[in-house]
2 protein chains.
Amino acid sequence: MTTANYQKHHCPIAQAMAELGDQWTLLIVRDALLAGRSRFSEFQESLGISRNLLTLRLTKLCDAGIFERVPIAGSKRHAYVPTQKCRALRVVILAMGEWAEKWANDPHIHHLDVLEKTTGQPVTVGFFRREDGTIVEPDAVDIVRHGNQKPDHGGKDLS
Amino acid sequence: MTTANYQKHHCPIAQAMAELGDQWTLLIVRDALLAGRSRFSEFQESLGISRNLLTLRLTKLCDAGIFERVPIAGSKRHAYVPTQKCRALRVVILAMGEWAEKWANDPHIHHLDVLEKTTGQPVTVGFFRREDGTIVEPDAVDIVRHGNQKPDHGGKDLS
DNA sequence: TCATAAAGTTCAAAAACTGAACTGAATTTG
DNA sequence: CAAATTCAGTTCAGTTTTTGAACTTTATGA
């Protein structure tokens with residue numbers, strides 16, 4: 001399935017995969033959001049990704065509006081700064097992190113704490129919530145595509 | 001970065017990427033969880049993935065305990081059935097979906113409704129919450145590794 | 001000024017992925 | 001019951017991606 005094919009399906013998951021679905025992209029985002037890295041060489045050293053591929057990935061991420069190339073004051077070099085679109089991936093990253101903490105079988109896996117900036121108080125990641133803010137248990141939700149009440153269908157396309 | 005390298009870092013995000021980080025895996029999971037697909041040929045037709053690669057991916061997913069090969073009653077063929085570990089990816093998938101609906105620039109993107117089963121009321125996916133249950137805005141949180149109060153550091157490793 | 005670092009580019013080799021044909025059961029159809 | 005079709009793969013040649021290493025070109029630092 002090419003990027004063109006993803007687009008054709010108009011499925012949000014497929015679209016997300018078209019922008020994020022390779023080995024490196026989400027690790028670059030992680031480095032930016034969780035470790036504050038922003039320079040080419042910081043990503044390169046941290047990840048061990050090959051330099052030409054990192055160039056490609058950062059270019060794609062900038063084109064997608066996930067990072068912004070920002071000139072560094074008093075220098076002609078620049079930083080790759082996460083945009084709001086990038087910061088919006090925080091929930092995705094944390095969902096993956098919590099999943100791995102629970103399900104990956106690495107006994108030495110690290111724990112990611114989420115803290116409120118102003119107070120430093122721990123915050124929990126919740127996943128399903130009603131409009132009034134109350135919590136809904138994961139098993140108590142259905143997922144339906146727009147205009148279709150059945151969660152599973154017999155047709156070929158998903159969205 | 002090889003799988004071995006991912007493991008070495010003990011970072012939950014890296015671990016998640018080691019299990020899920022390619023073009024197809026999360027789309028297979030999506031097909032299973034949101035469309036109820038479970039057979040080799042269902043995945044193959046839906047995704048257009050090449051058959052040998054699908055074999056590889058399904059084998060890896062079974063080895064990782066994300067799918068289970070279940071014999072079909074009255075047949076010698078089998079189905080790939082999502083395990084609890086797989087169903088736990090629902091929130092990851094939905095978080096990605098909500099992100100794409102908001103940020104991907106496809107004007108025809110489909111909407112995934114998440115509804116409470118009992119009432120049919122829409123539910124929001126992914127949020128941060130204080131101990132008293134009040135909601136924290138996404139930008140108002142920091143993510144830190146266990147045992148380290150600083151969100152950004154000068155060292156080399158992330159977790 | 002000279003040396004080093006930062007941010008790439010270039011290129012050959014290796015690995016992954018695709019698409020198509022092939023195989024051997026299982027199932028359906030006539 | 002025999003023949004045709006479907007299912008769940010396997011095999012393999014060709015293409016595309018990714019890697020790893022060397023190279024370039026501006027900056028910055030001593």
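Reminder, nothing fancy here: chain letters follow the sequence lines and each chain counts from 1.
What separates CD of A:Q44 from C1' of C:dA5 is a distance of 13 Å, to the nearest Å. Between B:I49 atom CD1 and C:dG19 atom P the separation is 11 Å, expressed in whole Å. Put simply, CG on B:L47 is 16 Å from C1' on D:dA8, counting in whole angstrom units. Rounded to an integer number of Å, the gap from CD of B:Q23 to C1' of D:dT17 is 9 Å. A straight line from CG of A:L58 to P of C:dG8 spans 8 Å, rounded to a whole angstrom. Atom P of nucleotide D:dT10 and atom CZ of B:R57 are separated by 14 Å, given to the nearest angstrom. If you take CG of B:L54 and P of D:dA8, they are 10 Å apart, rounded to a whole angstrom. Taking atom CG of residue B:L53 and atom C1' of nucleotide D:dG9, one finds them 13 Å apart after rounding to whole Å.
You'll find a donor-acceptor pair under 3.5 Å spanning the side chain of B:N52 and the base of C:dG19, going by distance alone. If you check distances only, the side chain of B:R39 never reaches the base of D:dA8 with a donor-acceptor pair under 3.5 Å.
In summary, of the residues considered (B:R39, B:R69, B:E42, B:E68), a side chain to side chain donor-acceptor pair (under 3.5 Å) with B:Y80 occurs for B:R69 alone.
Map A:R77 and A:L56 each onto its nearest nucleotide of DNA chain D; the residue landing nearer the 5' end is A:L56. Nearer to the 5' terminus of DNA chain C, by closest-nucleotide assignment, is the contact made by A:R51 (compared with the other of B:S50 and A:R51). Of the residues near DNA chain C, B:D22 and A:I72, the one whose nearest nucleotide (by heavy atom distance) lies more toward the 5' end is A:I72.
Under 4.0 angstrom from either OP1 or OP2 of C:dA7 there lies at least one side-chain N or O belonging to A:S41. For B:H78, no side-chain nitrogen or oxygen approaches OP1 or OP2 of C:dA26 to under 4.0 Å. Between A:W24 and D:dT17, a side-chain N or O to OP1/OP2 separation shorter than 4.0 Å is absent. The phosphate of D:dC7 has neither OP1 nor OP2 within less than 4.0 Å of any side-chain N or O from B:Y80.
Residue B:L54 holds its CG atom at 11.5 Å from CD of B:E45, rounded to the nearest 0.5 Å. One distance of note links CG of A:D106 with CD of B:Q15; it measures 4.0 Å at 0.5 Å rounding. Here B:L26 contributes atom CG and A:I13 contributes atom CD1; the two are 8.5 Å apart, rounded to the nearest 0.5 Å.
Salt bridge annotation for B:K117-A:D139: absent, with no cationic side-chain nitrogen under 4.0 angstrom from a carboxylate oxygen.
For A:R69, the side-chain atoms get nearest to C:dG8 when compared with the rest of C:dT18, C:dG8, D:dT18.
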